[in-house]
Amino acid sequence: MKTAIYPGSFDPVTYGHIDIIDRAAKIFDHVTVGVLSNQSKKPLFTVAERVDMLREIVRDLPNVDVTSFSGLLVDFARACNSQVVIRGLRAITDFEYELQMSQTNRIMNPDLDTVFFTTDLKYSYLSSSTVREVAYFHGDISAFVPPLVEQEMLKKFSDQK
Ligand code: ADP
């Protein structure tokens with residue numbers, strides 16, 4: 001069985017991420033979405049909140065599960081019994097960082113390969129940080145995230161109104 005992991009911050013999950021999950025789920029037998037718990041970043045949503053939102057979003061995809069992880073990606077991949085990391089590429093600016101990460105991971109585990117999905121053109125501009133910024137200023141984010149995420153973002157920022 002070919003299991004792939006899709007790691008990221010997902011703070012918050014956007015239609016761009018969801019498109020990658022949908023496409024990966026059609027190619028791999030199983031996809032584990034890994035929400036990274038990164039101590040050095042100050043996230044908008046807690047890891048538990050991000051996992052809950054993602055679980056709700058993928059509930060109709062039987063071969064996708066969602067979990068959190070911390071530490072090295074190579075260790076997470078090993079724990080999931082996976083040799084494939086999925087990442088999305090939006091623009092050339094993503095490429096340098098992703099190449100570096102992929103090569104570093106292969107040095108630590110030569111059996112671990114990264115498979116890149118090129119973004120769907122309609123989401124190529126979309127990033128979690130942009131969504132956070134628009135939401136912070138109470139802009140309309142309905143084109144960027146599903147209604148569930150939009151509601152949670154509104155709750156986060158409502159006390160600033
Ligand atoms: P990270 O903090 O690890 O970059 P993100 O949550 O920002 O995590 O993104 C996780 C993965 O999803 C990355 O590979 C990123 O390039 C990809 N991604 C993010 N937004 C999009 C998008 N709009 N289209 C395609 N891939 C995307």
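The structure presented is a predicted model; accordingly, all values stated were derived computationally and were not measured. Atoms within each ligand, like the ligands themselves, are counted from 1 in listed order. Throughout, numbering of the chain's residues begins at 1 and tracks the sequence.
The cluster map of Ile, Leu, Val, Met, Phe, Trp and Tyr, joined by side-chain heavy atoms under 4.5 Å apart, puts Phe137 and Val134 in the same cluster. Linking ILVMFWY residues whenever their side-chain heavy atoms come closer than 4.5 Å, directly or via other members, places Leu44 and Ile18 in the same cluster. When hydrophobic clusters are built by joining Ile, Leu, Val, Met, Phe, Trp and Tyr residues whose side-chain heavy atoms come closer than 4.5 Å, directly or via intermediates, Val35 is grouped together with Ile20.
The shortest contact between atom 7 (O) of ligand 1 and any protein heavy atom is with His17 NE2, 4.1 Å. Protein heavy atom at the shortest distance from atom 4 (O) of ligand 1 is Arg87 NH2, 3.3 Å. Looking only at heavy atoms of the protein, atom 21 (C) of ligand 1 is closest to Arg90 CD, 3.6 Å. Remark: minimum distance from atom 8 (O) of ligand 1 to any protein heavy atom is reached at Ser9 N, 3.1 Å. The protein heavy atom nearest to atom 14 (O) of ligand 1 is Gly88 N, 2.9 Å.
Looking only at atom types and distance, the side chain of Ser128 has no donor-acceptor partner in the side chain of Asp11 under 3.5 Å away. A side-chain donor from one of Ser142 and Asp140 sits under 3.5 Å from a side-chain acceptor of the other.
Residue-to-ligand polar distances keep Ser124 apart from ligand 1: every N/O pair is separated by 3.5 Å or more. The N/O atoms of Thr119, backbone and side chain alike, include one that comes under 3.5 Å of an N/O atom in ligand 1.
Between Arg23 and Asp19 a salt bridge is recorded (basic side-chain N to carboxylate O distance below 4.0 Å). A salt bridge between Glu150 and Lys155 is absent, with no side-chain N of the basic residue lying under 4.0 Å from a carboxylate O of the acidic one.
The contact set between ligand 1 and Phe10, taken as ligand atoms under 4.0 Å from a residue heavy atom, comprises 6 (O). Ligand 1 places these atoms under 4.0 Å from at least one heavy atom of Gly8: 3 (O), 8 (O), 10 (C). When each atom of ligand 1 is checked for a heavy atom of Ile20 under 4.0 Å away, the hits are 25 (C), 26 (N). Residue-ligand proximity, Tyr123 to ligand 1, at heavy-atom distances under 4.0 Å covers atoms 22 (C), 23 (N).
The ring of Phe157 has its center no closer than 6.0 angstrom to the ring center of His138.
Here Asp120 has no heavy atoms under 4.0 Å from ligand 1, in either its backbone or its side chain. Contact annotation: for Tyr6 versus ligand 1, heavy atoms closer than 4.0 Å belong to the side chain alone.
Taking a 6.0 Å sphere around CZ of Phe95, one finds it holds 12 or fewer heavy atoms contributed by other residues, nucleotides or ligands.
Heavy atoms of Thr14 come nearer than 4.0 angstrom to ligand 1 in no pair at all.
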